[in-house]
Amino acid sequence: MKTAPIQNQDSEIVKMSFFQKYKWGLLPLLFAMALYINTLHHGFVLDDNMIFQDKNITEGIKGIPSLFSEKTLPEAGNIKPYRPMTGVSFAIDYSLFDNGDKANITSKLHLMNILYYSLALFLTFVLALKLFKNQLLALAISLVFAAHPIHTEVVANIKSRDEILAFLFGVLALITFIKFKESKHVKWQYTSVVIYFMAVLSKESAILFIGIFPFIAYYLSEEKTFKGSYILDSKLFLIPAVLYLVLQHSVLGMNLMPKMSELDDMLVGITNPSENLATRIYIVGLYLYKICIPHPLMYDYSINYISKKSFSSMEVWASLLVLISLIFLIFKGIVRKNRIAFGLLFMFLMFTLTCNLFIAIGATFAERFAFTPSLGFAIALVFLFSEIGKKINSKPLILLVLLVPILGLYSFKTITRNKDWVDNDTLFTHDYMESSKSLRVQNNYAAIFYQKAKITTDSIEKRKLFVKSIQILEGVTRHYPDYIEAYIQKGISYLEIKDCDNAVKNFEKAKSISKYNYLVESNLGIGYINCGKSEQALDIFRKLLKNDTSLTSFYLRHLGVAHINTNRLDSAEYYFNRIKQEYPNDTEVDPYIKILADKKNMKLSQPISQAPMPQQALAKTPPQVFDAATDKMFNDGYQAYQKGDKVKAKNIIENLIKTTPTHALGYAVLGIIAFDNNEFQKSIEYYKKSIALNPTDARIYYNVGNSYLKLNKDAEAIKVFEKCIQQAPTYDKPYKALELYYTSKNNPEKAGYYTDKLKHLK
């Protein structure tokens, strides 16, 4: 296609130096940085914090080889990703930036996302320049792509780096392929194949770039018709594509299309073929709409956001008309080598696997799936405006003038949408207020009220918040009776308000619709204990102990509690002793051993409740108990600390505290780590948070006293040690501390007093 006002600059570009050619590519690079600079101090959102739960990533550079032979990155629903190149980038980040400060590494991770995105924008400029031989066109395309608001999820959500890297390597593979076509040097062809493989190893959707190579060869040629030889020209790219599929199957032992539920992709629940097809067509139309008009934006479009459609719906026919028109324009335009058609072709090819039109994937709809296709939209839009510019003004700069309103609107939307991604509370609340149709959005919004209730001290307000969470979840399960997570969350909230019958009812419902699931089973067992049905809890925890080795101490502890409640004290002692033998550093069992002793001495007649504890706990009250997943997370962090990996331990426990801000022992471990790092004031702050949640743990008072001594605050230390003695008169460590303190101060009378106390204790 000839463009009169904006002529090709091919001959001029050939004569330019590297800087002269690509200097304007710095503008979209800097523009991208400016758009996303407000994400630098955001926290972890959605499943970001799962990234560093992969041991290969937290081993840094040393763990990189294992990233290619093991599953990496967190599972998304039932999808088990094999994306080793993305894992490599996170491993490098961990090596470079992890210093034990969670805020620091989170900020650096956001910075790296911005830098990768900005580099991708520079490469976008280079690709457009090589394709269209015009700097102004290349600049316009890369600016539109940089500003597009549908990218906010990809850049602001750390885990979505896989999308950025897949795009970055994919574009670089196209650039080197063009270099091969221009120079005929086979080294560039091999380079392109290798880089394409890196793109696919970043995210499997990059495999679709294989469809772009033949059309680039055609557009660069002098031929008037598209020939099969252009496809043959790209046959080498089949090697990395097939190799990836082999590796993926070898490492994960699964196919690209795992079994899905309606919650993963609502199309699974539409059994009528006509309605299923109509809904697929509507979803394609929604993608095209969101790419053109990215408002409103949501982090989730799962079940109930998109309703089942039929061919009686005008929305379906509108989508079908647009789709047919798009295919017609592509077919007609490709024959004429129309550049608008090339952009539309790029957009269409790059979402053929993710738009649900041809195959059902692991999500009904997601903005991140429109990230790479939106480059095709940017190309088509710029050339459309170029055509308009020809008709109203012969000056090339009119193109940018026409694009300014769109760039302004897109930029404003991007910057404001970034603010929603600051943390889970902000994102969940904003998107619920924007549209509460998605059941997952409702479920996550209910979790906000649950978390607020956990940290609220006012008992009346606390109950109101738990009830509000339950009310929202009731609506979720009414719309979708198979939502397992909603039943679990409801059950836990009912436990918090001491309504154990409804708690058990919800846990039993979750069990009835799920396969054998340790989280469901554990919560049901805890529910039975709270409802005075410890006999049934015994059966559950025995089975869990047999089938799941990852939470052995957790199951042993609950078996011990259930046996206490059924007056089988010898059996309870057996399970607690097993914990002490197999997990000698597990201090959480100690209060239960004390309870067992009181029971044997007839000092305790009430059954032990496993509900989460109020802040003003009594001395004889059992310690806090959380669900199995929380318990496992704490144990992982504590074991990392015991093995000497304080950085990993701190990272895990900080993530635990973020999701479970009432975990007293979590704060205690952070205090110990801070003490080991000579951060004594910080250790006191952590210990005090732990004491506020569990004011009966004498060990924490003792640790606070030691921290005060390190800060030379002797008076405060003495008060805390004395408080510790009041809490636990038989706990010897505060006596020893005071004995040593007064000995060091040459006060034999007081030192002798505590020496006598210790002798009496023995």
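Bear in mind the structure is a predicted one, so any value in this text is a computation, not a measurement.
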Is the distance between the ring centroids of [X] and [Y] under 6.0 Å?
{"X": "Phe369", "Y": "Phe365", "result": "no"}
{"X": "Phe145", "Y": "Phe167", "result": "yes"}
{"X": "Phe342", "Y": "Phe215", "result": "no"}
{"X": "His148", "Y": "Phe377", "result": "yes"}

Test item: [X] and [Y] side chains (from C-beta on) under 4.5 Å apart, heavy atoms:
{"X": "Phe383", "Y": "Ile141", "value": "yes"}
{"X": "Ile178", "Y": "Leu127", "value": "yes"}
{"X": "Tyr445", "Y": "Leu473", "value": "no"}
{"X": "Glu485", "Y": "Leu263", "value": "yes"}
{"X": "Phe90", "Y": "Leu109", "value": "yes"}
{"X": "Lys62", "Y": "Asn56", "value": "no"}
{"X": "Tyr82", "Y": "Leu201", "value": "yes"}
{"X": "Ile472", "Y": "Phe449", "value": "yes"}

Any chance you could measure [X], atom [atom1], to [Y], atom [atom2], to the nearest 0.5 Å?
{"X": "Ser160", "Y": "Tyr117", "atom1": "OG", "atom2": "OH", "result": "13.0 Å"}
{"X": "Leu123", "Y": "Lys130", "atom1": "CG", "atom2": "NZ", "result": "11.5 Å"}
{"X": "Thr124", "Y": "Leu375", "atom1": "OG1", "atom2": "CG", "result": "5.5 Å"}
{"X": "Asn418", "Y": "Ile37", "atom1": "CG", "atom2": "CD1", "result": "10.5 Å"}
{"X": "Asn49", "Y": "Asn651", "atom1": "CG", "atom2": "CG", "result": "8.5 Å"}
{"X": "Leu26", "Y": "Phe125", "atom1": "CG", "atom2": "CZ", "result": "8.5 Å"}

Any donor-acceptor N/O pair, [X] side chain to [Y] backbone, under 3.5 Å:
{"X": "Asn443", "Y": "Val476", "value": "no"}
{"X": "Ser319", "Y": "Glu315", "value": "yes"}
{"X": "Tyr196", "Y": "Ile207", "value": "yes"}
{"X": "Ser192", "Y": "Thr176", "value": "no"}
{"X": "Thr86", "Y": "Ser202", "value": "yes"}
{"X": "Asn517", "Y": "Val520", "value": "yes"}
{"X": "Asp431", "Y": "Tyr299", "value": "yes"}
{"X": "Tyr287", "Y": "Ala366", "value": "yes"}
{"X": "Asp48", "Y": "Val45", "value": "yes"}
{"X": "Asn38", "Y": "Ile415", "value": "yes"}

Report yes or no: do [X] and [Y] form a side-chain donor-acceptor pair below 3.5 Å?
{"X": "Asn104", "Y": "Ser107", "result": "no"}
{"X": "Asp300", "Y": "Ser438", "result": "yes"}
{"X": "Asn113", "Y": "Tyr36", "result": "no"}
{"X": "Asn424", "Y": "Asn444", "result": "no"}
{"X": "Lys309", "Y": "Ser307", "result": "yes"}

Verify side-chain contact (heavy atoms from CB on, under 4.5 Å) between Gln248 and Glu204, making sure each step is shown before the conclusion.
-> CA-CA 9 Å; Gln248 190 259 7; Glu204 58 277 4; over 6 Å; no
For residues [X] and [Y], report the shortest heavy-atom separation together with the two atoms involved.
{"X": "Ser436", "Y": "Gln442", "result": "O-NE2, 2.7 Å"}
{"X": "Ser469", "Y": "Ala446", "result": "OG-O, 2.9 Å"}
{"X": "Gly43", "Y": "His110", "result": "O-NE2, 3.1 Å"}
{"X": "Phe197", "Y": "Tyr244", "result": "CE1-N, 4.1 Å"}
{"X": "Asn356", "Y": "Ala363", "result": "ND2-O, 2.9 Å"}
{"X": "Asp420", "Y": "His430", "result": "OD2-CE1, 3.2 Å"}

Could you go step by step and tell me if Ile64 and Phe68 meet the side-chain contact (heavy atoms from CB on, under 4.5 Å) rule?
-> CA-CA 7 Å; Ile64 287 178; Phe68 289 87; 4.1 Å; yes
Short N-O contact, Arg161 and Asp93, less than 4.0 angstrom |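 Answer for the salt bridge query: yes.
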Going by an N to O cut-off under 4.0 Å, is there a salt bridge joining Asp162 and Arg83?
->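 Salt bridge between Asp162 and Arg83, a charged N being under 4.0 Å from a carboxylate O: yes.
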Kindly indicate, with the supporting measurements, whether the criterion side chain to side chain donor-acceptor pair (under 3.5 Å) is fulfilled by Ser374 and His151.
-> CA-CA 9 Å; Ser374 64; His151 301 171; 2.7 Å; yes
Check step by step if side-chain contact (heavy atoms from CB on, under 4.5 Å) holds for Phe132 and Ile379.
-> CA-CA 10 Å; Phe132 308 121; Ile379 293 171; 3.8 Å; yes
side-chain contact (heavy atoms from CB on, under 4.5 Å) partner of Val382, chosen from Leu139, Leu137, Ile340 =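 Of the listed residues Leu139, Leu137, Ile340, the side-chain contact (heavy atoms from CB on, under 4.5 Å) partner of Val382 is Leu137.
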List the steps, then state whether salt bridge (charged side-chain N to carboxylate O under 4.0 Å, His left out) holds for Asp645 with Lys650.
-> CA-CA 9 Å; Asp645 193 345; Lys650 183 179 179 183; over 6 Å; no
Report the C-alpha distance between Asp423 and Thr426 in whole Å, list the side-chain angles of each, state the deciding distance to 0.1 Å, and finish with yes or no for side chain to side chain donor-acceptor pair (under 3.5 Å).
-> CA-CA 6 Å; Asp423 55 35; Thr426 306; 2.7 Å; yes
Let me see the working for Phe209 and Phe177 under side-chain contact (heavy atoms from CB on, under 4.5 Å), right down to the final yes or no.
-> CA-CA 12 Å; Phe209 276 100; Phe177 180 73; over 6 Å; no
Please name the residue in the list Glu367, Arg440, Lys437 that meets the side-chain hydrogen bond (donor to acceptor under 3.5 Å, both in side chains) test with Tyr301.
->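 Per the side-chain hydrogen bond (donor to acceptor under 3.5 Å, both in side chains) rule, the option paired with Tyr301 is Glu367, out of Glu367, Arg440, Lys437.
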Would Asn276 and Thr279 satisfy side chain to side chain donor-acceptor pair (under 3.5 Å), going step by step from the backbone distance to the final call?
-> CA-CA 5 Å; Asn276 193 287; Thr279 308; over 6 Å; no
